[in-house]
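Below, chains carry the letters A, B, ... as their sequence lines are ordered, and counting in each starts from 1.
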Amino acid sequence: MTEIWDGLTKAVELIISLDPEVIEIAGRSLRISGTSCLLASLICLPLGSLIHFHHFRGKRVLINIIQTLFSVPTVLVGLLVLVLFSRAGPLGFFGILFEPPVMVVGQMILITPLMLGLTISALSGVGQEIVDTATSLGASGFQTAWLVLREARYAVVAAVIMGFARAISEVGCAMMVGGNIKGFTRVVTTAIALESSKGELELAIALGIILLFLALIINIVLNRLQQR
Amino acid sequence: MSLIKVAGLTHSYNEREVLQDLNLSIAKGEVFALIGPTGAGKTTLLRIIDLLEVPSEGDIYFDDKRIPRSGKQRLEIRRRISFIHQKPQVFNLSVYDNVACGLRWRREAKNRLTGKVDHILEMVGLEGYKNRNARTLSGGEAQRVALARSLVLEPEVLLLDEPTANLDPVSTAKIEQLISYIARQHNTTIIMATHDMSQGQQLADRIGVLLDGKLIQIGNTNDVFYSPQNKEVAHFVGMENIIEGVITANKEGIATANINGNAIQAVSSYPVGKEVFACIRPEDITLALSKTQSSARNSFQAKVTQVTHLGPLSRVEINCGFRLVALVTKISAEELNLQVGRDVYATFKATGVHIMEKEINQ
């Protein structure tokens with residue numbers, strides 16, 4: 001049990017002393033997961049609206065598939081990205097395997113179903129009456145969709161928070177396609193995995209606490225956005 | 001020339017026909033009231049006119065141009081119409097943003113937008129609420145936001161669905177005032193659905209009676225209220241006295257109808273032998289304690305069978321060989337000391353009786 005207490009004090013120490021390596025790793029985690037979350041949002045919010053506002057055959061099935069993909073294992077996504085971007089793979093010509101961009105791609109694939117599904121259910125929470133009212137007031141399809149997104153902003157921001165949470169906390173994909181290269185692709189989660197296997201439990205726990213601290217900051221920022 | 005024309009309109013939800021073969025034309029600047037009980041299809045008709053829904057059959061014409069069933073043109077026309085839904089749905093935004101959104105969607109210049117929104121908020125008496133979130137307002141206030149949000153667009157056509165349902169009398173009066181102001185000042189064409197007869201009578205130029213998905217009667221308020229076309233309409237417009245009878249004589253347009261052995265005189269051109277309904281509005285019957293000298297052709301001795309007080313009015317049921325309901329002021333009910341069993345004279349004019357044909361299937 002002492003490890004946890006030691007980990008806590010170590011975390012405080014590392015944060016206060018602004019340990020350069022920790023700052024660097026945390027910054028990279030934030031950058032990679034922030035970017036993947038942002039890009040996934042840019043895809044999921046419009047795509048979710050598109051799916052929500054259109055009636056087509058197989059819509060129910062599509063939503064079921066999206067929801068099923070919520071539980072895709074991170075290592076499976078890692079494997080998929082590895083196959084796609086390996087030198088011999090179909091996207092091998094990018095030559096970005098074991099580099100931060102491919103980690104962004106991996107995390108995007110991982111969180112897109114989650115954000116898409118939650119966006120759709122967020123929009124479903126806005127009544128048809130609101131849609132009709134907007135249409136009556138002369139909103140075009142796009143303007144209506146934008147209004148409904150704003151009406152559902154609490155739930156939509158929650159979808160984004162969920163996406164970010166899954167991205168920053170995953171380890172399987174980052175490890176497989178990033179390779180945990182020190183000073184280049186090492187992020188907080190892969191660092192925790194490494195330090196634990198080395199037996200450096202305090203440092204691992206400290207890094208874990210730092211990760212939660214990052215999540216707290218992001219949540220505060222997004223909550224501000226929610227309340228606007 | 002009509003601004004809006006509805007031709008051969010039929011609409012079904014899940015194979016249930018809610019509107020059947022409606023034909024209607026509404027002139028520019030007209031105030032048209034659509035009256036009918038809940039579930040008659042009023043809202044559906046308004047939704048179709050607002051182009052929110054595409055009818056199963058039939059067409060809508062705007063300015064004599066047929067509106068296509070899909071495509072961009074619908075949005076352009078919809079932007080000339082405003083629809084205030086029955087339950088006001090305010091957006092989770094400030095009152096100001098709620099009112100401004102329609103103008104923003106039309107790409108109104110910012111300086112003009114502010115002026116218009118401020119002006120309209122003042123008009124509906126919400127100028128102090130600009131920055132309040134609209135979701136925190138009361139029902140009456142939300143209804144005024146909804147009204148302001150539509151009026152700021154200066155629509156050519158205003159559709160109102162039960163604009164005062166669930167509002168208190170003061171709010172109702174305010175909204176009614178506003179509606180007649182808009183109709184007069186802006187020459188806005190208004191179509192309003194209401195189940196409140198007096199509201200229709202008070203505000204509308206013409207009235208359409210929608211019963212069970214069918215437009216049974218269209219006419220000016222007098223036509224509909226005093227000469228309903230059939231028993232259902234008569235019932236709905238408050239003709240409480242609908243009595244079966246047969247025409248026994250007709251002299252120069254004054255018909256005599258035999259009702260249960262009593263003769264009622266009425267203005268009617270139906271021939272002798274016709275089976276009819278005689279309809280008398282309860283407020284057209286006067287009650288007195290003695291037989292009065294008057295020009296009214298119908299006077300019957302009767303016994304009071306029931307008295308119900310309805311605020312300033314009293315509803316008096318009497319039996320004069322047939323059952324009649326009269327509406328008198330509370331004061332005269334007290335002066336006449338109207339109580340069950342009291343003998344009175346009921347008097348009404350021949351012009352106060354509306355005779356209509358008894359339909360075969362009734």
Check your understanding: Does a sphere of radius 6.0 Å around CZ in A:Phe53 hold more than 12 heavy atoms from other residues, nucleotides or ligands, not counting ones at 6.0 Å or beyond?
Key -> yes

Practice item. Determine whether more than 12 heavy atoms belonging to other residues, nucleotides or ligands lie under 6.0 Å from atom CE of A:Met162. Key: no

Revision key, fill the gap. Under 4.5 Å to a heavy atom of chain A? For B:Ile81 that would be backbone

Check your understanding: Who pairs with B:Lys130 by salt bridge (Lys or Arg N to Asp or Glu O under 4.0 Å), at least two apart in sequence or on another chain?
Key -> B:Asp118

Practice item. Report the C-alpha distance between A:Val148 and B:Phe91 in whole Å, list the side-chain angles of each, state the deciding distance to 0.1 Å, and finish with yes or no for side chain to side chain contact (heavy atoms under 4.5 Å, CB included). Key: CA-CA 9 Å; A:Val148 171; B:Phe91 304 133; over 6 Å; no

Check your understanding: What closest approach, in Å, do A:Ile130 and B:Val90 show between heavy atoms, and which atom pair accounts for it?
Key -> CD1-O, 3.8 Å

Practice item. For B:Glu30, check salt bridge (Lys or Arg N to Asp or Glu O under 4.0 Å) against everything at least two apart and list the hits. Key: B:Arg206

Taking only distance into account, so ignoring hydrogens and angles, what donor-acceptor contacts under 3.5 Å exist between chain B and chain A?
residue  : atom : partner  : partner atom : Å
B:Arg47  : NH1  : A:Asp132 : OD2          : 2.8
B:Arg47  : NH2  : A:Asp132 : OD2          : 3.1
B:Asp50  : OD2  : A:Ser136 : OG           : 2.7
B:Arg79  : NE   : A:Gly138 : O            : 2.6
B:Arg79  : NH2  : A:Gly138 : O            : 2.9
B:Arg79  : NH2  : A:Gln143 : OE1          : 3.0
B:His85  : NE2  : A:Ser136 : OG           : 3.0
B:Asn92  : N    : A:Glu151 : OE1          : 3.3
B:Asn92  : N    : A:Glu151 : OE2          : 2.6
B:Asn92  : O    : A:Arg153 : NH2          : 3.0
B:Trp105 : O    : A:Gln143 : NE2          : 3.1
B:Arg106 : NH1  : A:Leu137 : O            : 2.6
B:Arg106 : NH2  : A:Leu137 : O            : 3.4
B:Arg135 : NH2  : A:Glu151 : OE1          : 2.8

Study note, to complete from the structure: Those residues at least two apart in sequence (or on a different chain) that pass salt bridge (Lys or Arg N to Asp or Glu O under 4.0 Å) with B:Asp205 are none

